[in-house]
Undergrad: 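Dropping a structure here in structure tokens format, bear with me for questions.
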Protein chains: 2
Amino acid sequence: MSAAERRVALARAALTVVDRDGVHAATTRAIVAEAQMPLGSFHYAVPSRDELLRDVVELVVADEGDAALAGLLGEAVDPRDAIRRTLTAYLDHVRAQPGREQAMFELTQYALRSPELDDLPAEQYARYHALAAEVLTAAETHLGIRWTVPVAELARLVVTITDGVTLAWLADRDDAAAERTIDLATAALAPFAASA
Amino acid sequence: MSAAERRVALARAALTVVDRDGVHAATTRAIVAEAQMPLGSFHYAVPSRDELLRDVVELVVADEGDAALAGLLGEAVDPRDAIRRTLTAYLDHVRAQPGREQAMFELTQYALRSPELDDLPAEQYARYHALAAEVLTAAETHLGIRWTVPVAELARLVVTITDGVTLAWLADRDDAAAERTIDLATAALAPFAASA
DNA sequence: GCGCGTCTGGGACACTTGTCCAACTTCGGG
DNA sequence: CCCGAAGTTGGACAAGTGTCCCAGACGCGC
């Protein structure tokens, strides 16, 4: 097994640990235990723990992107329906993997505090915003509408809402309240769609 | 100095440390150093570190409440203006004390991972939602309007938006983008206000 | 003055952490 | 066959952690 293979295996194991027990529990020993490797392998495959966490963040962002794009089901023709379905699909994703979603936030904030990783969050959110913009643009052609405000700005608002909904749900696990918030957000966003 | 006084002093010192260096840096030694106490005083004043963090969370929530209510300036008569002013006031608060705001998120997520504190976040967010509802209701009488959707639901959406805006700004520190998001959110929320 | 409960604080304990190292195995090309 | 590079691994280290303890100081009612 090459050093490069070990590195990606360790990153995956680290994500599993962070998902299950949080960032503060992702010690080198916990990670190698999850990957079923001896401790010595760690610093042979990766220079430092922070370096590995950088890989983990990129792993999370990639996964998040897949989930977001997968939620785009073209069943709805009504823009209102499309918005609600997409937001609900995201909420379902959060409820299915709460640890993963929390890990995302923990990693972002850990990175912000670490001098060697504090450039990551900006990149991470740029990726999210670009992703949301992509989905919104796809929705334009797909639904035969156009957004009456710049897609980039709307994308940021959408990410704002998904982040906020996720945070509140993680805190109180109130499914019904989260769904009502999504309904309300849908009603608030729908007016930005005009028929092309 | 009584044990109770020591405890609140330690909570304040802990918040200072979390604000400056993050939750993971808030060790017992760092906290007593900030409070200028000997290490032995710590476990005389408070049973455990987690117990103190519980105090810190309540401290943060209280501070947050003061900030939210302080932002409610009755200059605007237009509901649209009132919404934008309030959201902008919150953003200003975040920009003035970014560490404090990040500490809030870090504490919430730390609490979620800790078996002895995992009841805190629900309470914390219930307080936020109640606070937002309070502000919204005050706005009704103050502006002579009424909200066309239940205040409790609108309150949750408002907290969702402030949380989301804060997270994104902490990540990329893009002032202009955050303000555009607030403008857009204002446009999205304004239609929920009807003249009473 | 005295005794006792409250407070003080320095030191220690057991444990975990990230990182490193030196010895060991494996294996492909000359 | 052999040798050197790549891979492997158990153990060690220094630093840092939460928590505890005990000898002492203080202050106040009797």
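So that the names make sense, note that chain A is the first sequence line, chain B the second, and so on, each numbered from 1.
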Undergrad: Is there a side-chain contact between B:D163 and B:F105 in this structure, where contact means two heavy atoms from C-beta onward sitting under 4.5 Å apart?
TA: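 Yes, side chains in contact.
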Undergrad: Under the rule for side chain to side chain contact (heavy atoms under 4.5 Å, CB included), what residues qualify as partners of B:P38, not counting sequence neighbours?
TA: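 Scan of B:P38 (side chain to side chain contact (heavy atoms under 4.5 Å, CB included), adjacent residues dropped) gives B:S41.
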Undergrad: Which ones in residues 107-117 of chain A lie close to DNA chain D, meaning a heavy atom under 4.0 Å from one of its atoms?
TA: none
Undergrad: In residues 13-38 of chain B, what residues come within less than 4.0 Å of DNA chain C, judged by heavy atoms?
TA: B:R29, B:P38
Undergrad: With Watson-Crick and G-U wobble geometry limited to distances under 3.5 Å, how should the secondary structure of DNA chain C be encoded in dot-bracket form, using | for bases paired to another strand and [ ] for crossing pairs?
TA: ||||||||||||||||||||||||||||||
Undergrad: Is the shortest distance from a Lys or Arg side-chain nitrogen in B:R54 or B:E116 to a carboxylate oxygen in the other one below 4.0 Å?
TA: no
Undergrad: Would you please name every residue forming a side chain to side chain donor-acceptor pair (under 3.5 Å) with A:R80, sequence neighbours left out?
TA: none
Undergrad: Once side chain to side chain donor-acceptor pair (under 3.5 Å) is applied, do any residues pair with A:W147, and if so which ones, sequence neighbours excluded?
TA: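 Listed in chain order: nothing, the list is empty.
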Undergrad: Working to the nearest 0.5 angstrom, can you tell me the gap between A:E34 CD and A:L10 CG?
TA: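 Going from the CD atom of A:E34 to the CG atom of A:L10 covers 11.0 Å.
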Undergrad: Do B:F42 and B:Y44 sit in one hydrophobic cluster, given that two such residues count as connected whenever their side-chain heavy atoms are within less than 4.5 Å of each other, even indirectly?
TA: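 Per the 4.5 Å side-chain linkage, B:F42 and B:Y44 are not co-clustered.
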Undergrad: List in chain and number order the residues that pass side chain to side chain contact (heavy atoms under 4.5 Å, CB included) with A:E5, two or more places apart in sequence or in another chain; answer none if no residue qualifies.
TA: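 Expected list: A:M1, A:S2.
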Undergrad: With the 4.5 Å side-chain cut-off for hydrophobic clustering, are B:V17 and B:V32 part of the same group?
TA: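 B:V17 does not cluster with B:V32.
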Undergrad: Heavy atom of residues 40-58 of chain A under 4.0 Å from DNA chain C: which residues?
TA: A:H43, A:S48, A:R49
Undergrad: Restricting to side chain to side chain contact (heavy atoms under 4.5 Å, CB included), what partner residues turn up for B:A96, sequence neighbours left out?
TA: none
Undergrad: Give me the one residue out of A:V56, A:D55, A:V57 that meets side chain to side chain contact (heavy atoms under 4.5 Å, CB included) with A:L15.
TA: A:V56
Undergrad: Report the C-alpha separation of A:T108 and A:Q124 in whole Å, then their side-chain angles, then the decisive distance to 0.1 Å, and conclude whether the side chain to side chain donor-acceptor pair (under 3.5 Å) test is met.
TA: CA-CA 8 Å; A:T108 302; A:Q124 184 183 354; 3.0 Å; yes
Undergrad: Regarding A:Y110 and B:Q109, do their side chains bring together a donor and an acceptor under 3.5 Å, going by distance alone?
TA: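 Absent: no donor and acceptor within the cut-off.
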Undergrad: Taking side chain to side chain donor-acceptor pair (under 3.5 Å) as the definition, give me every residue that meets it alongside A:D63, ordered by chain and number, with sequence neighbours left out.
TA: A:R100
Undergrad: Under the side chain to side chain contact (heavy atoms under 4.5 Å, CB included) test, which residues partner A:D81, sequence neighbours left out?
TA: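 With sequence neighbours excluded, A:D81 shows a side chain to side chain contact (heavy atoms under 4.5 Å, CB included) to A:A76, A:D78, A:R84, A:R85, given in chain and number order.
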Undergrad: Which is the 5'-most and which the 3'-most nucleotide of DNA chain D that has an atom under 4.0 Å from a heavy atom of chain B?
TA: D:dT17 to D:dT19
